Amino acid sequence: MKDSIRKKTTAKHKNKLGFIDPSVAGIDIGQKLIHVSIPNQTGGTRVVEYGTLTPDLFQIATDLKNANVTTAVMEATGVYWIPLYEILEDHHFTAVLVDAKSVHNVPGRKSDVIDCQWIQTLYSNGMVRAAFRPKKCRIKLRSYVRTRMAIAKNRQYALLHMEKALQLMNIKLSTALSDIGGMTGLKIIRAIVAGERDPCVLANLRSQGCKQPHHVFIGALTGNFQDEHVHSLRFALGLYDFVQQQLIDCDKLIFSELETYPDIRVTPIPVRDKDLRSNGKYKAPTKPKKNALNFDPRSILWRKAGIDLTAIPGIDSSTALLIFAELGGTDMSSWKSVKEFSSWLKLCPGNNISGGKRRKSQRQACKNYISQALRMSALSAKHSKSSVGAYIRRISGRTDKLKGIKAGAHKLARMLYFMCKNGWLYYEQGERAYEKEHQKRVLKNLSKRAKELGFKLVPAVG
């Protein structure tokens with residue numbers, strides 16, 4: 001086992017850029033090689049080259065412990081950093097992950113040896129901060145939720161394959177149904193795979209809730225059944241059923257992991273405004289969405305988190321579970337303020353000021369799961385009669401739709417931050433209350449502006 005370890009020590013390097021903390025090691029991780037800058041007591045460093053096999057990772061932990069290193073700083077490089085990060089955590093090191101954009105090297109002086117020393121120097125002098133990562137005991141739920149999202153995408157691919165096979169047989173099922181993955185669509189597809197070819201028999205499988213009449217189904221289900229296309233449909237249906245079972249198994253893992261979290265509330269979950277009719281009576285929930293979980297995450301999150309994020313317009317149970325999993329709970333201590341939290345989500349306006357003038361800033365790409373979920377929630381809330389919907393429509397009308405969606409996501413992020421930090425509950429005021437408050441702000445600003453110009457606003461008579 002020891003023969004597989006690739007270990008090579010380069011010449012010692014004396015730092016010329018600043019202070020080197022003797023308890024901090026810098027690590028540059030690649031696909032095949034890992035370079036570690038290990039400090040010494042004289043202010044210098046030595047760079048050691050390792051392989052990327054599991055014995056090499058354990059050897060890194062041993063060498064760092066022998067050098068009295070307590071903090072290991074590494075750059076986020078794909079997924080190659082995760083195994084080493086977890087092994088260092090198991091060996092009781094303070095593993096620190098830094099953003100790749102914050103450790104850009106000096107142009108013309110780029111190498112793996114310089115990279116690990118540069119990371120070590122920046123962190124020792126307080127020039128980079130650790131990226132957010134939930135606690136080790138909370139990372140399992142996040143992994144399960146992300147896996148479920150990937151599985152749901154595979155189910156969508158299976159539906160696309162079934163649609164293609166039906167089109168090749170000239171079966172226009174998608175023109176008669178809004179979703180071929182629904183109850184009626186799957187019944188008809190399974191009948192075709194089982195050998196049924198009569199369009200009248202296939203049309204009789206439709207449910208009573210279908211909007212299209214019977215003769216439309218007969219015309220849409222009259223096709224040219226070739227064996228190769230039927231087999232293609234069978235394979236796609238088998239893939240769909242397999243992915244569906246994977247979703248059920250993943251939901252069981254998510255439910256079991258959620259039950260390991262301690263209970264914060266024992267009181268019943270409050271009724272949301274969206275669950276009430278205009279007369280104040282309770283409205284029964286509609287049928288669950290296609291990607292809904294096989295359990296009720298709203299009630300569980302109420303017990304485990306102590307807040308109801310689904311009361312916010314546009315946020316459903318799946319989105320609330322995603323936010324809870326990505327944050328590792330409701331602890332917001334990793335961000336000093338709501339502005340810092342919004343900046344982490346790449347939802348706040350960028351600052352690009354030069355010479356006292358604000359210049360245009362390019363939109364920053366963001367792969368943050370919470371940020372993407374809040375944008376989708378803002379898009380959903382735009383058409384609601386809530387205060388958030390009125391705000392998004394006002395911003396979209398003033399600029400454009402994309403900026404309005406981003407502004408709405410920013411507003412949702414601020415609500416999310418304060419609810420998680422303070423344990424607040426959300427009560428919807430409605431779009432009318434928002435319009436009144438907005439009108440008051442406009443009149444206040446107009447009065448202030450008129451006073452500066454030497455005028456006074458007078459309300460119109462009659």
Side-chain angles (χ1 to χ4, degrees), residues 76 85 89 94-99 101-102 126 128-146 254 257-258 260-265 267 269-270 272 297-351 364 366-378 381 387-388 391 406-428:
Y85 189 98
E89 274 190 330
T94 303
V96 177
L97 183 70
V98 296
D99 188 8
K101 292 183 179 180
S102 62
V128 291
R129 292 183 299 176
F132 172 74
R133 179 174 169 85
K135 298 179 181 179
K136 184 180 179 181
C137 59
R138 301 295 179 91
I139 205 70
K140 188 182 295 185
L141 178 62
R142 189 181 75 166
S143 178
Y144 289 156
V145 173
R146 289 184 177 183
I254 295 175
E257 186 63 24
L258 279 172
T260 61
Y261 285 61
D263 289 343
I264 297 179
R265 292 185 184 269
T267 57
I269 187 170
R272 301 171 297 186
R298 179 171 175 255
S299 58
I300 298 179
L301 291 178
W302 171 254
R303 290 191 290 109
K304 305 301 180 181
I307 56 176
D308 183 19
L309 294 179
T310 60
I312 301 177
I315 296 183
D316 56 5
S317 300
S318 300
T319 305
L321 176 61
L322 172 65
I323 294 172
F324 182 81
E326 289 293 324
L327 294 177
T330 57
D331 183 15
M332 309 298 289
S333 59
S334 299
W335 301 275
K336 298 180 181 179
S337 64
V338 64
K339 293 182 179 180
E340 189 172 321
F341 179 67
S342 301
S343 177
W344 176 67
L345 295 176
K346 299 292 190 301
L347 292 176
C348 61
N351 288 333
Q364 295 180 350
C366 181
K367 297 182 180 180
N368 191 298
Y369 284 84
I370 300 179
S371 179
Q372 295 176 3
L374 291 179
R375 291 175 188 269
M376 294 299 297
S377 299
S387 58
V388 178
Y391 172 77
K406 181 180 179 180
H410 186 199
K411 192 176 187 66
L412 295 179
R414 295 177 64 89
M415 296 178 181
L416 167 66
Y417 178 85
F418 289 115
M419 289 180 67
C420 292
K421 183 178 181 179
N422 303 320
W424 292 348
L425 300 180
Y426 179 82
Y427 296 97
E428 178 58 44

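A quick note: this is a predicted structure, and the numbers were derived from the prediction, not measured.
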Identify the heavy atoms of [X] and [Y] that sit nearest to each other, and give their distance.
X: A413; Y: L347; result: CB-CD1, 4.0 Å
X: F324; Y: A305; result: CE1-CB, 3.7 Å
X: Q372; Y: K367; result: NE2-CA, 3.5 Å
X: R298; Y: P270; result: NH2-O, 2.9 Å
X: Y391; Y: K411; result: CD2-CD, 3.5 Å
X: A320; Y: T310; result: CB-CG2, 4.1 Å

Chi angles and distances behind the side-chain contact (heavy atoms from CB on, under 4.5 Å) call for C366, L345: CA-CA 7 Å; C366 181; L345 295 176; 5.8 Å; no
For the [atom1] atom of [X] and the [atom2] atom of [Y], what is their distance to the nearest 0.5 Å?
X: M419; Y: Y426; atom1: CE; atom2: OH; result: 9.0 Å
X: I370; Y: S377; atom1: CD1; atom2: OG; result: 11.0 Å
X: S334; Y: K135; atom1: OG; atom2: NZ; result: 8.5 Å
X: E428; Y: I312; atom1: CD; atom2: CD1; result: 10.0 Å
X: N422; Y: T330; atom1: CG; atom2: OG1; result: 11.0 Å
X: R133; Y: L97; atom1: CZ; atom2: CG; result: 7.5 Å

Taking the side chain as C-beta and beyond, is there a heavy-atom pair between [X] and [Y] under 4.5 Å?
X: I254; Y: L141; answer: yes
X: W344; Y: S371; answer: no
X: D263; Y: K304; answer: yes
X: R414; Y: S342; answer: yes
X: L301; Y: L309; answer: no
X: C348; Y: K339; answer: no
X: M332; Y: L327; answer: yes

Verify, without hydrogens or angle tests, whether [X] (side chain) and [Y] (backbone) share a donor-acceptor contact under 3.5 angstrom.
X: R375; Y: A409; value: no
X: S143; Y: K140; value: no
X: W424; Y: M415; value: no

Parallel, tilted or perpendicular: rings of W335 and F132 (30°, 60°): tilted
Under 6.0 Å from the ring centre and within 45 degrees of the ring axis: does the NZ or CZ of R142 meet both conditions for the six-membered ring of Y369? no
Side chain to side chain contact (heavy atoms under 4.5 Å, CB included) partner of I323, chosen from L412, L416, V145: L416
Residues that R138 engages under side chain to side chain donor-acceptor pair (under 3.5 Å), provided they are two or more places apart: none
Residues in side chain to side chain donor-acceptor pair (under 3.5 Å) with T319, at least two apart? D316
Please say whether more than 12 non-hydrogen atoms of neighbouring residues, nucleotides or ligands are located less than 6.0 Å from CZ in R265. yes
